[in-house]
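Working notes, structure below.
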Amino acid sequence: MDEKVLLNKKNGMIVLVLTTLLYLGAIAGCVFGGMIVSDEGSPALLVISIIWLCIGWIPYCGLRILKPQEALVLTLFGNYTGTLKSEGFYFVNPFSSSVNPAAATHLHQSGDVDNSDRQKSALSLAFNVGKAEAEISGNKKISLKIMTLNNNRQKINDCLGNPVEIGIAVMWRVVDTARAVFNVDNYKEYLSLQCDTALRNIVRIYPYDVAPNVDTTGDGIADEGSLRGSSEIVAARIRDEIQKKVEKAGLEILEARITYLAYAPEIAAVMLQRQQASAVVDARKMIVDGAVGMVEMALDRLNEKGVVELDEERKAAMVSNLLVVLCGNRDAQPIVNSGSLY
């Protein structure tokens, strides 16, 4: 079902004023029409005034107020008549009803969470909850603003089978109100579910960190993609995956961002030790490469300057001592030989 935008004139104020004036006139008609005792009254005027007082409230039911970035989906006896999307004061068919199945749905997103109630008393909280439910039951407007859905963290296994915890924030908005209302039962819950499934589908493709022989693009060639190092690419793929799923619900996904990423608690300590060991190995490798270069330079300089002539055994001892000094974790304490070289 496609959206049909109504271009109604914003004549709500005119209807409100006319209906109110007619009500006042009906009251006056009852007063003057009831003066039958003095033979100055009019029975016809009295009857018309009473009838209007009984049914004159019906036009008030057709008054609708829309703020900027709000929409109202209208149905008449079960048939979709159209959507009001422009701000203003409208008058529509009084028997039309507005539809928004997600009006009472609260997700972890902007506009749905109010943390100020946590500091109030239980009685005040119960009163506010009841008041909010009453307002929601009567408010069927659909927000066209950009909203942020912050889904709960999920525990998902990456492509190597390691459990990771990941959370995303999705920026979205409603672009087709008819599809959002009539194609799915509840477009907010539908979006939340599709975010969960899309996140699982994409995270399973990537390793947490760079791993050898892993293909994340599907071209059959191993690459260096990872959840930690390619967060922008992963977020873009999650966004595209969600957009394909919610297209039929009239929603547009503007952006998706990874808000939390970490190993699951059961393996976090082990993975930390693994990262520390890898860092130590890399650091030792760099130290050894530098020490070998320094020893080689020292021997070459001694030979060039002719400071001392060393045989192979003395060269080996010198290399060993220099490597111990340069590669040790602590400061060396050399023993100085003040006598003969031999």
Q | Residue pair Tyr206, Leu227: steps toward the side chain to side chain contact (heavy atoms under 4.5 Å, CB included) verdict | A | CA-CA 6 Å; Tyr206 288 85; Leu227 296 174; 3.6 Å; yes

Q: Check the pair Leu254, Arg173 against side chain to side chain contact (heavy atoms under 4.5 Å, CB included), reporting the backbone distance first and the verdict last.
A: CA-CA 8 Å; Leu254 302 176; Arg173 65 182 176 184; 4.1 Å; yes

Q: Find out whether Leu22 and Trp52 are in side-chain contact, i.e. whether some heavy atom of one side chain is under 4.5 Å from a heavy atom of the other.
A: yes

Q. Donor-acceptor pair, Asn150 side chain versus Ala169 backbone, under 3.5 Å?
A. no

(Q) Can you classify the ring geometry of Trp172 versus Tyr187 as parallel (below 30°), tilted (30 to 60°) or perpendicular (above 60°)? (A) perpendicular

Q.
Using side chain to side chain contact (heavy atoms under 4.5 Å, CB included), reason through Tyr23 and Tyr60 one step at a time and then give a plain yes or no.
A. CA-CA 11 Å; Tyr23 246 109; Tyr60 287 117; 3.9 Å; yes

Q | Close side-chain approach of Glu87 to Glu70, heavy-atom, < 4.5 Å | A | no

Q. Heavy atoms, side chains only, cut-off 4.5 Å: are Met171 and Met147 in contact?
A. no

**Q.** Atom pair NZ/CD of Lys245 and Gln194 - distance to nearest 0.5 Å
**A.** 6.5 Å

Q. Distance-only, no hydrogens or angles: does the Thr20 side chain make a donor-acceptor pair with backbone N or O of Leu16 under 3.5 Å?
A. yes

Q) At what distance, to the nearest 0.5 angstrom, does NZ of Lys85 lie from CG of Leu7? A) 11.5 Å

Q) Would you say the side chain of Ile168 lies within less than 4.5 Å of the side chain of Arg257, judging by non-hydrogen atoms? A) no

Q | All pairs passing salt bridge (Lys or Arg N to Asp or Glu O under 4.0 Å) where residues 161-170 contributes a residue, at least two apart | A | none

Q | Any donor-acceptor pair under 3.5 Å from Asn100 side chain to Val73 backbone | A | no

**Q.** Nearest heavy-atom neighbours spanning Leu66 and Ser86
**A.** CD1-O, 3.6 Å

Q. Do Val181 and Tyr80 come within less than 4.5 Å of each other through their side chains, counting heavy atoms only?
A. no

(Q) So, taking the atom named CD1 in Ile202 and the one named CZ in Arg239, what distance separates them when rounded to the nearest 0.5 Å? (A) 12.5 Å

Q: Indicate yes or no for a side-chain donor-acceptor contact from Asp158 to the backbone of Tyr208 under 3.5 Å, with no hydrogens or angles considered.
A: yes

(Q) Keeping Thr259 on the side-chain end and Gly167 on the backbone end, is there a donor-acceptor pair under 3.5 Å? (A) yes

Q | Arg153 charged N/C atom sitting above Tyr260 aromatic ring, 6.0 Å / 45° | A | yes

Q) Any side-chain heavy atom of Ile258 within less than 4.5 Å of one from Val234? A) yes

**Q.** Working for side chain to side chain contact (heavy atoms under 4.5 Å, CB included), residues Leu251 and Val174
**A.** CA-CA 5 Å; Leu251 307 180; Val174 178; 3.7 Å; yes

Q) Counting heavy atoms not belonging to Glu224, are there more than 12 under 6.0 Å from its CD? A) no

Q: First locate atom CZ of Phe182, then atom OG1 of Thr75, and finally report the distance between them rounded to the nearest 0.5 Å.
A: 6.0 Å

Q.
Rounded to the nearest 0.5 Å, what separates atom CD1 in Ile14 from atom CZ in Phe91?
A. 11.5 Å

**Q.** Shortest non-hydrogen separation from Pro101 to Asp185 and the atoms involved
**A.** CB-O, 3.2 Å

**Q.** Within-4.5 Å side-chain heavy-atom neighbours: Leu299 and Val319
**A.** yes

Q.
Side chains of Leu6 and Thr83, heavy atoms from C-beta outward: is any pair under 4.5 Å?
A. no

Q.
Could you measure the distance from the OG1 atom of Thr81 to the CG atom of Leu74? Nearest 0.5 Å is fine.
A. 4.5 Å

